[in-house]
Amino acid sequence: MKLRLGVNIDHVATIRNARGGSHPDPVNAALIAARAGADGITAHLREDRRHITDADIALLMDALSVPLNLEMAATEEMLAIALRHRPHAACIVPEKREERTTEGGLDAAGQLAHLAPFVARLNDAGIRVSLFIEPDPAQIEAAIRLKAPVVEFHTGRYAHLDGAERSEELRRIADAAALAAKNGIEPHAGHGLTFDNVSPVAAIPQIAELNIGHFLIGEAIFTGLDKSVARMRELMDLAR
Ligand code: PXP
């Protein structure tokens with residue numbers, strides 16, 4: 001199975017919004033990423049619109065020939081936007097206004113009743129629902145109960161640990177991927193992945209997709225986005 005790369009373009013919008021104009025354009029970044037080997041584009045429409053805006057989502061839906069994965073909080077506002085645009089996939093993420101980035105996985109096990117109607121309505125609309133969770137059997141059990149076809153494992157802890165602790169976290173991710181796949185759920189992974197740490201995650205055979213943003217956009221400052229995406233694609237393919 002080919003491992004897909006979803007490129008998260010949020011931080012192109014972060015730079016654009018620093019000056020309030022239209023440059024750099026996240027749609028242009030998405031088109032460059034797709035040409036350089038991205039299999040899909042990911043964008044997180046946050047409640048506070050700190051990077052991606054509603055207009056960006058509309059423009060991405062029009063411009064892209066690869067699938068769009070909309071990251072969203074489980075709120076009525078975001079559900080209405082997802083149902084209006086019907087992206088290929090919607091990844092439900094936890095969201096706190098004060099956080100700098102998505103700091104942990106969704107507590108699907110603790111919020112079954114809240115999440116169930118969101119997952120059901122996205123499923124009914126033919127949007128592929130993914131739950132961004134920690135690599136934890138209790139969270140996978142919740143995804144099974146919610147009938148989510150996809151889970152994305154939060155690799156932030158893995159990315160920030162070293163040595164034996166990192167190996168232990170990698171094992172948790174590999175075990176979680178095997179458990180999800182055994183139960184018919186497609187495992188994805190993402191957060192904090194870089195050229196230096198992507199290979200062991202990419203080597204986990206059940207993982208079907210990695211979503212990577214901050215590092216690729218940062219690296220693009222030095223090498224260009226096409227080169228940073230192409231190098232990530234190459235490392236992922238080599239690990240498989
Ligand atoms: N996947 C999800 C669900 C995320 O929320 C994020 C961060 O927005 C990513 C992947 C990408 O993480 P990073 O920007 O650290 O590569």
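First listed ligand is number 1; within each ligand, the first listed atom is number 1.
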Next item on the list: Give yes if a backbone or side-chain nitrogen or oxygen of Leu193 is under 3.5 Å from a nitrogen or oxygen of ligand 1, and no if not.
Entry: no
Margin query: I'd like to check which ligand 1 atoms, numbered from 1 as shown, lie under 4.0 Å from a non-hydrogen atom of Gly192.
Written below: 12 (O), 13 (P), 15 (O), 16 (O)
Item checked: Interfacing atoms of ligand 1 (cut-off 4.0 Å, heavy-atom, His214) -> 13 (P), 14 (O), 16 (O)
Check: Around atom CZ of Arg240, are there more than 12 heavy atoms of other residues, nucleotides or ligands at under 6.0 Å?
Finding: yes
Notebook entry, point to check: Does Glu165 CD have over 12 foreign heavy atoms under 6.0 Å away?
Noted result: no
Checklist line | Atom indices of ligand 1, in the order listed, that fall short of 4.0 Å to a heavy atom of Asn8 | finding: 8 (O)
Next item on the list: Answer yes when Glu76 and Arg121 have at least one side-chain N-carboxylate O distance shorter than 4.0 Å, and no when they do not.
Entry: yes
Next item on the list: Kindly confirm or rule out an N or O of His44 lying under 3.5 angstrom from an N or O of ligand 1.
Entry: no
Margin query: Using a 4.0 Å heavy-atom cut-off, which part of His11 comes near ligand 1: side chain, backbone, both, or neither?
Written below: neither
Notebook entry, point to check: In terms of hydrophobic clustering (I, L, V, M, F, W, Y; side-chain heavy atoms under 4.5 Å; direct or indirect links), are Leu59 and Val66 co-clustered?
Noted result: yes
Checklist line | Ring centers of Phe118, His114 separated by less than 6.0 Å | finding: yes
Next item on the list: Scan Asp54, Asp10, Asp56 and name whichever one has a salt bridge (charged side-chain N to carboxylate O under 4.0 Å, His left out) with Arg49.
Entry: Asp54
Notebook entry, point to check: Any idea which part of His154 is under 4.0 Å from ligand 1, heavy-atom wise: side chain, backbone, both or neither?
Noted result: neither
Note to self: So, 4.0 Å and heavy atoms of Phe215: is ligand 1 close enough to count as a contact?
What the structure shows: no
Margin query: For His191 and Phe132, take the angle between the two ring planes, folded into 0 to 90°, and tell me which bin it lands in: parallel under 30, tilted 30 to 60, perpendicular over 60.
Written below: tilted
Item checked: Heteroatom distance test (Cys91, ligand 1): nitrogen or oxygen, under 3.5 angstrom -> no
Next item on the list: Heavy-atom contacts with Val93 under 4.0 Å: which atoms of ligand 1 show up? List them by number with element.
Entry: 3 (C)
Note to self: So Met78 and Glu95, do their side chains get closer than 4.5 Å, heavy atoms only?
What the structure shows: no
Note to self: Just to be sure I read this right, does ligand 1 sit under 4.0 Å from the backbone of Asn211, its side chain, both, or neither, counting only heavy atoms?
What the structure shows: both
